[in-house]
Novice: 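For reference, the structure I am asking about is given below.
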There are 2 protein chains.
Amino acid sequence: MPTPHYGQPRYRVIADELRRRIESGAIPSGSLLPTESALTAEFRASRGTIRQAIAVLRDERLVETEHGRGTYANPYRLVDGPGEGPEVETRERQVAADPELAALFAVEVGAALVEQQNITLMNGAVGAVVRIYRLPQGTQ
Amino acid sequence: MPTPHYGQPRYRVIADELRRRIESGAIPSGSLLPTESALTAEFRASRGTIRQAIAVLRDERLVETEHGRGTYANPYRLVDGPGEGPEVETRERQVAADPELAALFAVEVGAALVEQQNITLMNGAVGAVVRIYRLPQGTQ
DNA sequence: AGAAATTTGTCCGTATGTATC
DNA sequence: AGATACATACGGACAAATTTC
């Protein structure tokens, strides 16, 4: 079978699906993701592709992998014990440029921007939300 | 041929060497790196390993790759004007909480939040826009 | 304008090394 | 020691973007 990849590459499709499962709770926070070989079987993809999909989630800090053990979902979720310092939760996504951002970046309104959102938590409460906007890779 | 990787993995060794060449100027800023196939020949490594090495440098934002063209060295360097460093423009204002921010801060949609916006400039162009949201003083 | 060559992007299969349980 | 799982590396194939002729 050939390897067409029109549109989204497979590893992104798989990453999107896994992200959905984690965010929906289908894969509970703190639990292990299915193994690489299980995902290989389920998605009919090679190990390299599965690993690439997981790498995407790892970059987003949505999962964390431990050598010889497995890949955990949502390891940075706060379940703080008492007296812990501020924690940060990070997420990255693509958004459409609002008129002000469009003017700043000299792109059209609605153009794709990358938004990185950091949520600073203090004692379990949201202290501040930081949103960083950049042009997508390769467009600058 | 077996594939031992004692000590440093090969892709890291190659990444280190390429980083050295870029930082030493052996590969001038803004110029193209050797092609993947050229690096394959020079380092006697597979293309996957070369691409992994380049991915390391890409994560460091030391290089940028364009499909069908090549990989550029140091695309993000600042070329400051006379005596100027990177500049930041800051502004603070009050905004209404969008649904997501409202949920995060546990306030009603439309409630007042303080937004601090920092615009970082690189080469006179907008590099990133940072928006920090907090609850107004006295409400936390 | 169009075809060919070049270069990077994605995917596959496989093998071996290393860490953890 | 054995089983399991992640890390690294290889080689090959086809897709897609760019450049060159």
Side-chain angles (χ1 to χ4, degrees), chain A residues 1-18 22 27 30-75 94 112 135-140, chain B residues 1-18 22 27 30-75:
Chain A
M1 191 157 45
T3 315
H5 51 93
Y6 304 102
Q8 284 263 303
R10 296 204 59 193
Y11 77 91
R12 289 210 172 272
V13 173
I14 296 172
D16 289 343
E17 170 62 15
L18 292 176
I22 293 172
I27 299 177
S31 72
L32 283 169
L33 266 65
T35 65
E36 289 184 349
S37 60
L39 294 172
T40 293
E42 176 184 347
F43 290 103
R44 304 292 190 89
S46 75
R47 255 191 70 212
T49 301
I50 296 298
R51 290 181 48 72
Q52 216 170 344
I54 293 177
V56 169
L57 304 180
R58 195 159 39 229
D59 281 351
E60 298 172 359
R61 302 195 143 236
L62 193 66
V63 303
E64 188 176 38
T65 298
E66 290 186 30
H67 194 164
R69 191 168 304 173
T71 297
Y72 290 92
N74 261 329
Q94 237 184 32
L135 291 172
Q137 292 285 342
T139 61
Q140 48 181 345
Chain B
M1 188 156 49
T3 314
H5 51 97
Y6 306 102
Q8 281 260 304
R10 298 200 59 195
Y11 75 91
R12 289 207 173 276
V13 174
I14 295 171
D16 289 344
E17 170 60 18
L18 292 177
I22 293 172
I27 298 177
S31 72
L32 283 170
L33 267 67
T35 66
E36 293 178 354
S37 63
L39 294 172
T40 292
E42 178 186 348
F43 290 103
R44 306 289 191 90
S46 73
R47 197 177 152 219
T49 301
I50 296 297
R51 287 178 55 78
Q52 212 170 347
I54 292 176
V56 170
L57 305 180
R58 198 162 34 230
D59 282 350
E60 298 170 1
R61 302 196 139 230
L62 193 65
V63 302
E64 189 177 36
T65 300
E66 292 184 30
H67 191 170
R69 189 166 305 172
T71 298
Y72 290 91
N74 261 327

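A, B, ... follow the sequence lines: proteins, then strands. Residue 1 opens every chain.
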Novice: Hey, is the side chain of B:Thr49 poking within less than 4.0 Å of OP1 or OP2 on D:dC10, counting only N and O atoms?
Specialist: yes
Novice: Atom CZ of A:Phe43 and atom C1' of C:dC11: how far apart are they, to the nearest Å?
Specialist: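 Going from CZ in A:Phe43 over to C1' in C:dC11 covers 16 Å.
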Novice: Among C:dT8, D:dA9, C:dC11, which is the nearest nucleotide to the side chain of B:Ser46?
Specialist: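 Closest nucleotide among those given: D:dA9.
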Novice: Given D:dC6, C:dT8, C:dC11, which nucleotide is nearest the side-chain atoms of A:Thr71?
Specialist: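 Between D:dC6, C:dT8, C:dC11, the one nearest the side chain of A:Thr71 would be D:dC6.
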Novice: Quick check against the 3.5 Å criterion: does A:Arg10 have a side-chain atom that pairs as donor or acceptor with the backbone of A:Ala53?
Specialist: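 Not at all, since once roles are kept as given, no pair shorter than 3.5 Å links the two residues.
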Novice: Closest to the B:Arg10 side chain: D:dC6, C:dG9, D:dA9?
Specialist: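 Closest nucleotide among those given: D:dA9.
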Novice: Counting only side-chain nitrogens and oxygens, does B:Arg69 get under 4.0 Å of the OP1 or OP2 atom of D:dT19?
Specialist: yes
Novice: Identify, between A:Glu66 and A:Ile50, the residue whose nearest nucleotide on DNA chain C lies closer to the 5' end.
Specialist: A:Ile50
Novice: Side chains of A:Tyr72 and A:Val63: closer than 4.5 Å at any heavy-atom pair?
Specialist: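 In short, these two side chains do not touch, never coming nearer than 4.5 Å.
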Novice: Are side-chain heavy atoms of B:Ile54 and B:Leu39 found at a separation under 4.5 Å?
Specialist: yes
Novice: Less than 4.0 Å between a side-chain N and a carboxylate O, is that true for B:Arg51 and B:Glu36?
Specialist: yes
Novice: Just compare C:dT8, D:dT8, C:dC11 and give me whichever is closest to any side-chain atom of B:Arg47.
Specialist: C:dT8
Novice: Between C:dC12, D:dT8, D:dT19, which nucleotide gets closest to the side-chain atoms of A:Arg51?
Specialist: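 Of the options given, the side chain of A:Arg51 lies nearest D:dT8.
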Novice: Remember a base hit wins even if backbone is also touched, and classify B:Gly48 as base, sugar-phosphate or nothing at under 4.0 Å, heavy atoms.
Specialist: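 Touches nothing.
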Novice: Nearest to the A:Gln52 side chain among D:dA9, D:dC6, C:dC11, which nucleotide is it?
Specialist: C:dC11
Novice: Does a nitrogen or oxygen in the side chain of B:Arg12 sit under 4.0 Å from OP1 or OP2 of D:dA7?
Specialist: no
Novice: Figure out the CD/P separation between B:Glu36 and D:dT18, and round it to whole Å.
Specialist: 16 Å
Novice: I want to check something: taking the side chain as every heavy atom from C-beta on, are A:Thr65 and A:Arg58 in contact at a cut-off of under 4.5 Å?
Specialist: yes
Novice: Any side-chain N or O of A:Tyr11 less than 4.0 Å from the OP1 or OP2 oxygen of C:dC11?
Specialist: no
